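One structure is given here, and the rest of the page talks about it.
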Amino acid sequence: GTTPGGRAADGLLGLDLLRRYSAIINCHTRQLFLKTRPGPALQVDAVATAGGFTRIALDETRRGGTTVPCAIHGRRGKLLVDTGAFVTGFDDDGFRGRGIATRPSTLTTRGIDGEVRPVQLAEISDLVIGGIRIAPQPFAVMDLYDKKKPLRTFTGMGRIEYYRPFPAEQRILGVLGNELLDQHRAIIDFGTVTLFMK
């Protein structure tokens with residue numbers, strides 16, 4: 001990653017430390033707060049609610065990520081919360097059967113596995129994230145999970161390859177990126193595993 005000044009970052013701060021120190025991230029002001037001393041936690045819930053924020057409980061995935069509930073055309077799903085993602089993007093499989101048209105673009109992105117893939121665009125007019133209606137706008141659509149990659153098993157006589165889909169209970173429609181977190185003045189409280197948005 002790079003810093004706002006364009007310099008290379010020295011490393012990545014992972015969820016393990018954010019959880020350990022009950023971190024609070026203000027995505028709009030780009031401030032990070034870590035609890036390093038014993039004592040009561042900050043009362044983010046009361047302050048945010050008084051400030052007109054909506055409280056959204058986050059879920060933790062089996063793979064260690066944090067997700068937020070969403071809906072498109074009334075059909076529910078989850079978005080992985082990723083403050084390191086510059087934009088919100090959706091997995092192409094999540095769009096199948098939802099009646100949302102995509103159009104090609106000249107953009108590319110690096111997927112979760114590090115591979116560079118083409119990006120399509122889709123106009124979404126009814127995205128809801130945790131009860132917050134998102135203004136109609138174009139979003140990136142891509143193959144997030146490299147679904148074509150096989151799992152290989154060696155039996156001693158040869159190799160068996162098969163394709164395992166993302167488990168239905170863990171299926172994630174996409175990634176909630178920094179541009180929406182910033183637009184909606186999001187605050188993430190890892191102590192209570194809560195997202196606040198306006």
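Just so you know, these numbers come straight off a predicted model, no measurement behind them.
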task: Spell out, as yes or no, whether a donor-acceptor pair under 3.5 Å connects the side chain of S105 to the backbone of V119.
output: yes
message: Using a 3.5 Å distance criterion without hydrogens, assess whether the side chain of H184 forms a donor-acceptor pair with backbone atoms of M197.
response: no
Check side-chain contact (heavy atoms from CB on, under 4.5 Å) between [X] and all other residues, then give those that pass, not counting sequence neighbours.
X: E179; answer: V87, T88, F139, Q183
X: T49; answer: D45
X: S125; answer: P136
X: A85; answer: D82, V175

Hey, does [Y] have a side-chain heavy atom less than 4.5 Å from the side chain of [X]?
X: H73; Y: D126; answer: yes
X: T83; Y: L181; answer: yes
X: D59; Y: T66; answer: no
X: L121; Y: T102; answer: no
X: I24; Y: I187; answer: yes

Least distance between heavy atoms, [X] atom then [Y] atom:
X: R103; Y: P138; value: NH2-CB, 4.4 Å
X: L79; Y: C70; value: CG-SG, 3.8 Å
X: L195; Y: L176; value: CD2-CD2, 4.3 Å
X: I172; Y: K78; value: CG2-O, 3.4 Å
X: D182; Y: C27; value: OD1-O, 4.1 Å
X: F190; Y: L15; value: CE2-CD2, 3.3 Å

field: T54, N26, I56, D189 screened by side-chain contact (heavy atoms from CB on, under 4.5 Å) with F196, the one that passes
entry: D189
task: With side-chain contact (heavy atoms from CB on, under 4.5 Å) as the test, would you mind laying out the steps for I188 and V81 before giving the verdict?
output: CA-CA 10 Å; I188 304 170; V81 179; 3.9 Å; yes
task: List the steps and the verdict of side-chain contact (heavy atoms from CB on, under 4.5 Å) for T67 and L58.
output: CA-CA 6 Å; T67 63; L58 297 173; over 6 Å; no
Nearest 0.5 angstrom please: [X] [atom1] to [Y] [atom2], how far?
X: R117; Y: D92; atom1: CZ; atom2: CG; value: 9.0 Å
X: I129; Y: I132; atom1: CD1; atom2: CD1; value: 9.0 Å
X: L173; Y: F90; atom1: CG; atom2: CZ; value: 7.0 Å

- request: Enumerate the residue pairs fulfilling salt bridge (Lys or Arg N to Asp or Glu O under 4.0 Å) with a member in residues 131-142, sequence neighbours excluded, ordered by first and then second residue.
  value: none
Below 3.5 Å, can you tabulate the donor-acceptor pairs from side chains in residues 31-40 to any protein atom, sequence neighbours excluded?
unit_1, atom_1, unit_2, atom_2, d
Q31, OE1, T29, OG1, 3.0
K35, NZ, R37, O, 2.8
K35, NZ, G39, O, 2.8

message: Do V193 and Y21 land in one hydrophobic cluster if side-chain heavy atoms of ILVMFWY residues count as linked below 4.5 Å?
response: yes
query: Taking everything shown except R55 itself, do over 12 heavy atoms lie less than 6.0 Å from its CZ?
result: yes
query: How far apart are the C-alpha atoms of D143 and Q120, what are their side-chain angles, what is the distance that settles it, and do they pass the side-chain contact (heavy atoms from CB on, under 4.5 Å) test?
result: CA-CA 10 Å; D143 178 5; Q120 298 183 44; over 6 Å; no
message: Could you go through V44 and T192, starting from their C-alpha distance and side-chain angles, then the distance that decides it, and tell me whether this counts as side-chain contact (heavy atoms from CB on, under 4.5 Å)?
response: CA-CA 9 Å; V44 177; T192 61; over 6 Å; no
